[in-house]
There are 2 protein chains.
Amino acid sequence: MSLPRIAVDAMGGDEGVRVMVSGAALARRRHEQFKFLLVGDEKRIKAALDNHPNMRGSSEILHCDDVVGSDERPTQALRRAKTTSMGLAIDAVKRGDAGAAVSSGNTGALMAMSKLSLRTLPGIDRPALAALLPTLGDHDMIMLDLGANTDCDARNLVQFAIMGAAYSRIVTGQALPRVRLLNIGTEDIKGTDVLQDAAAKLRSATGLTMQFEGFVEADKISRGDVDVVVTDGFSGNIALKAVEGAARFVGDLLKRSFMSSLRSKIGFLISRPATDLLRHHLDPNNHNGAVFLGLNGVVVKSHGSANAVGVANAVAVAARLLEDNLTQRISTDLAELGEERLRETYPSGAAK
Amino acid sequence: MSLPRIAVDAMGGDEGVRVMVSGAALARRRHEQFKFLLVGDEKRIKAALDNHPNMRGSSEILHCDDVVGSDERPTQALRRAKTTSMGLAIDAVKRGDAGAAVSSGNTGALMAMSKLSLRTLPGIDRPALAALLPTLGDHDMIMLDLGANTDCDARNLVQFAIMGAAYSRIVTGQALPRVRLLNIGTEDIKGTDVLQDAAAKLRSATGLTMQFEGFVEADKISRGDVDVVVTDGFSGNIALKAVEGAARFVGDLLKRSFMSSLRSKIGFLISRPATDLLRHHLDPNNHNGAVFLGLNGVVVKSHGSANAVGVANAVAVAARLLEDNLTQRISTDLAELGEERLRETYPSGAAK
């Protein structure tokens with residue numbers, strides 16, 4: 001089976017064209033079947049392609065002049081959906097001209113454009129941004145939402161749980177991923193009414209393709225005993241960034257400690273393979289590629305500061321979701337849950 | 001000047017009496033002027049005191065049979081404020097029988113009891129839980145609220161900023177601590193209406209004893225360029241625990257990496273002083289002692305799982321706040337802001 005090509009917004013991200021094209025080329029060196037639609041300034045894309053002969057014959061350029069600014073309001077960017085590299089990459093997915101879109105641009109704009117163009121799956125009110133995070137266990141865990149929806153109601157959180165579980169089944173191969181809601185305590189009485197409500201719905205629902213195991217606190221998400229952590233976009237973004245910042249902080253402290261004496265410096269040089277392993281494990285580029293779940297199509301958000309390795313990983317995430325047909329899986333899970341049960345789980349009148 | 005004695009809820013925490021009494025004794029070995037009122041089961045406290053001759057003559061026992069459960073609902077615990085060790089420790093502060101209270105018990109109950117018994121300072125609607133966190137800079141930073149208030153409005157956040165700045169002045173000695181609001185982006189358009197509103201109020205206010213510098217993302221709180229991070233209790237709790245969990249996660253990974261080969265093991269042994277330094281820097285016991293700010297009295301929350309070193313640090317925090325008269329400082333700052341300006345900053349009718 002040939003994989004549909006991947007539309008790459010070549011203009012987004014802090015580094016722009018060069019990193020995006022290098023990332024795509026790197027992904028293609030690892031997976032020769034990858035094909036690309038590179039969207040953006042043709043002249044600059046062509047210049048970047050000069051360094052990557054392996055992209056010849058496997059990539060096409062879709063020219064446009066316009067770019068979404070990194071600080072631009074999503075509502076403003078939406079008006080230029082038909083002219084910007086981000087908008088055209090998403091549009092290619094809609095038209096079936098590409099299977100997935102990858103962008104390192106403005107997250108809010110990417111979300112707004114994707115939602116407007118691709119629409120949400122039946123049974124999903126709002127898409128959510130999901131990322132893979134490293135754990136002490138055998139595989140990564142998935143956290144969502146990471147910033148697409150600042151405010152969420154219980155119905156949103158239940159849908160996020162279903163989508164996250166579908167994604168986790170692809171990543172972990174487990175039939176019933178272990179799902180928890182992020183909260184400030186694990187006791188039943190902890191947290192907001194929305195969390196209480198979502199937990200009650202998930203506990204009482206039948207036919208879910210997951211094990212719902214209640215609440216999890218933010219200090220326990222990386223232990224490897226939870227596969228999907230569900231939260232609203234504000235808390236999820238805070239948690240994700242706090243984890244990233246703390247990991248960097250500890251790394252910096254470690255560096256300082258190692259440099260604090262000659263003895264430690266020598267020890268550092270000897271144990272270099274160990275610290276290199278740690279660095280590799282924690283490098284955000286090696287976990288790059290957050291996914292907008294719940295759309296009629298695959299859209300992957302690459303970190304704005306990702307390097308070529310990071311972009312290549314984001315491309316690989318998109319390819320994997322195409323291969324394993326994530327969109328279809330979510331639809332099936334929702335259908336499995338059944339119209340009847342769905343209505344029990346969240347009567348449409350009860351939604352905010 | 002003699003320091004008022006400190007009331008210790010000897011029954012709270014995972015380990016109970018022994019750790020609380022050992023912690024108080026350890027604090028007293030460092031600061032001989034400390035005096036204690038130990039509240040709880042007299043027989044068990046006496047047994048624990050047998051190991052600490054330095055506590056003789058410097059501690060009195062206030063006996064009670066009742067203890068607040070760690071999973072107990074605050075509303076339920078409140079009814080037993082007059083009979084529990086937690087309630088009686090706070091009551092001692094109210095009666096002037098102790099200068100501060102320290103407890104490792106149920107945070108929600110401690111908050112509810114403290115608020116009911118001690119009442120908030122004039123100009124403060126709700127107390128907030130604040131903790132010191134390590135940074136790469138010269139001194140710790142302060143984050144608040146960490147879980148006392150799940151929902152906050154802009155007016156609450158402005159008050160938290162004022163209280164956090166007062167605390168930071170004690171810790172850092174800076175006249176105008178740098179204050180930021182925790183958000184999911186630093187651009188003006190990011191975040192909830194509440195955050196937008198709080199930022200606008202802090203930007204336009206005059207007479208504040210702080211430099212308000214806008215928003216900060218959760219990955220940048222430990223870099224040492226912000227002294228006070230202000231947030232609602234839900235996000236603050238998530239951020240704090242995410243940081244704690246990530247630090248532990250990296251530590252575990254590091255251990256694994258070092259054990260992955262003989263060469264790394266040797267390197268580890270040689271650089272042991274460096275990793276010990278790191279461990280010491282990151283041990284939560286060395287940063288133990290969160291403070292309820294905004295009350296007529298000092299109440300310090302020690303972590304439920306703190307060891308004797310942790311409890312001793314929580315006691316030292318209480319002593320320092322008594323010495324430096326935090327409560328008075330917050331009142332002065334509020335008065336400094338002035339009734340007029342206070343009303344401009346948040347007209348009382350505008351509060352939720």
Side-chain angles (χ1 to χ4, degrees), chain A residues 71 73 108 134-136 147 150-151 182 184-185 187 189-192 217-223 231 233-235 237-254 256-261 263-278 281-282, chain B residues 71 73 108 134-136 147 150-151 182 184-185 187 189-192 217-223 231 233-235 237-254 256-261 263-278 281-282:
Chain A
D71 289 357
R73 277 170 199 269
T135 70
L136 292 173
T150 307
D151 283 310
L182 186 66
I184 59 175
E187 303 87 352
I189 56 157
K190 284 288 171 81
T192 59
E217 292 175 86
D219 55 340
K220 310 215 168 57
I221 56 179
S222 309
R223 299 198 304 187
T231 178
F234 192 88
S235 306
N237 193 285
I238 297 280
L240 178 71
K241 285 180 182 157
V243 166
E244 287 172 358
R248 209 178 314 129
F249 173 69
V250 175
D252 288 349
L253 275 185
L254 190 66
R256 256 192 218 182
S257 307
F258 274 131
M259 293 305 130
S260 63
S261 73
R263 176 177 162 175
S264 297
K265 276 183 207 168
I266 294 169
F268 171 74
L269 288 174
I270 295 175
S271 51
R272 187 113 200 200
T275 50
D276 282 350
L277 197 71
L278 181 72
H281 202 92
L282 292 178
Chain B
D71 289 358
R73 276 172 200 269
T135 70
L136 292 172
T150 307
D151 284 309
L182 187 66
I184 59 175
E187 303 88 353
I189 57 158
K190 285 288 171 80
T192 59
E217 292 176 85
D219 55 340
K220 307 209 170 59
I221 56 178
S222 309
R223 298 198 305 188
T231 178
F234 192 88
S235 307
N237 194 284
I238 297 280
L240 178 71
K241 285 180 182 157
V243 166
E244 287 173 356
R248 209 178 313 131
F249 173 70
V250 176
D252 288 349
L253 276 184
L254 189 66
R256 258 192 217 182
S257 307
F258 274 131
M259 293 306 128
S260 63
S261 74
R263 176 176 161 176
S264 297
K265 276 183 207 171
I266 294 169
F268 171 74
L269 287 175
I270 295 174
S271 52
R272 187 113 200 200
T275 49
D276 282 350
L277 197 69
L278 181 71
H281 203 91
L282 292 177

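Chain letters run A, B, ... following the sequence lines, proteins first, then strands; residues in each count from 1.
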>> Report which part of B/Leu254 has an atom under 4.5 Å of a heavy atom belonging to chain A: side chain, backbone, both, or neither.
In response: both
>> Looking at chain B, which one of A/Ile266, A/Asn237, A/Asp252 has the largest number of heavy-atom pairs inside 4.5 Å, strictly under?
In response: A/Asn237
> Is it the side chain or the backbone of A/Leu136 that comes within 4.5 Å of chain B heavy atoms, both, or neither?
Replying inline: both
> Which atoms form the tightest heavy-atom contact between B/Ile238 and A/Ala239, and what is the distance?
Replying inline: CG2-CB, 3.6 Å
>> Using every non-hydrogen atom in the two residues, find where B/Met259 and B/Lys265 come nearest and quote the distance to one decimal.
In response: O-CE, 3.6 Å
>> Quick check on the interface: out of B/Asp71, B/Leu269, B/Leu240, B/Thr192, who has the most heavy-atom pairs with chain A under 4.5 Å?
In response: B/Asp71
> How would you list, by chain and number, every residue that makes a salt bridge (Lys or Arg N to Asp or Glu O under 4.0 Å) with A/Glu217, sequence neighbours excluded?
Replying inline: A/Lys220, B/Lys241
> Which one of A/Ala247, A/Ala218, A/Gly191, A/Gly147 has the most heavy-atom pairs closer than 4.5 Å to chain B?
Replying inline: A/Ala218
> Which atoms of B/Arg223 come close to chain A, meaning under 4.5 Å heavy atom to heavy atom: side chain ones, backbone ones, both, or neither?
Replying inline: neither
> Non-hydrogen atoms of chain A under 4.5 Å away: do they reach the side chain of B/Ser261, the backbone, both or neither?
Replying inline: neither
> Taking atom CZ of B/Arg263 as the centre, does the number of heavy atoms from other residues, nucleotides or ligands within less than 6.0 Å exceed 12?
Replying inline: yes
>> Looking at every heavy atom in both A/Ile221 and A/Thr135, which two are closest together, and how far apart are they?
In response: O-CG2, 4.4 Å
>> Which heavy atom of B/Ser235 sits nearest to which heavy atom of A/Phe234, and what is that distance?
In response: OG-CE2, 3.2 Å
> Checking heavy atoms, do the side chain of A/Ser222, its backbone, both or neither come under 4.5 Å from chain B?
Replying inline: both
>> Which atoms of B/Leu182 are under 4.5 Å from chain A, going by heavy atoms: the side chain, the backbone, both sets, or neither?
In response: both
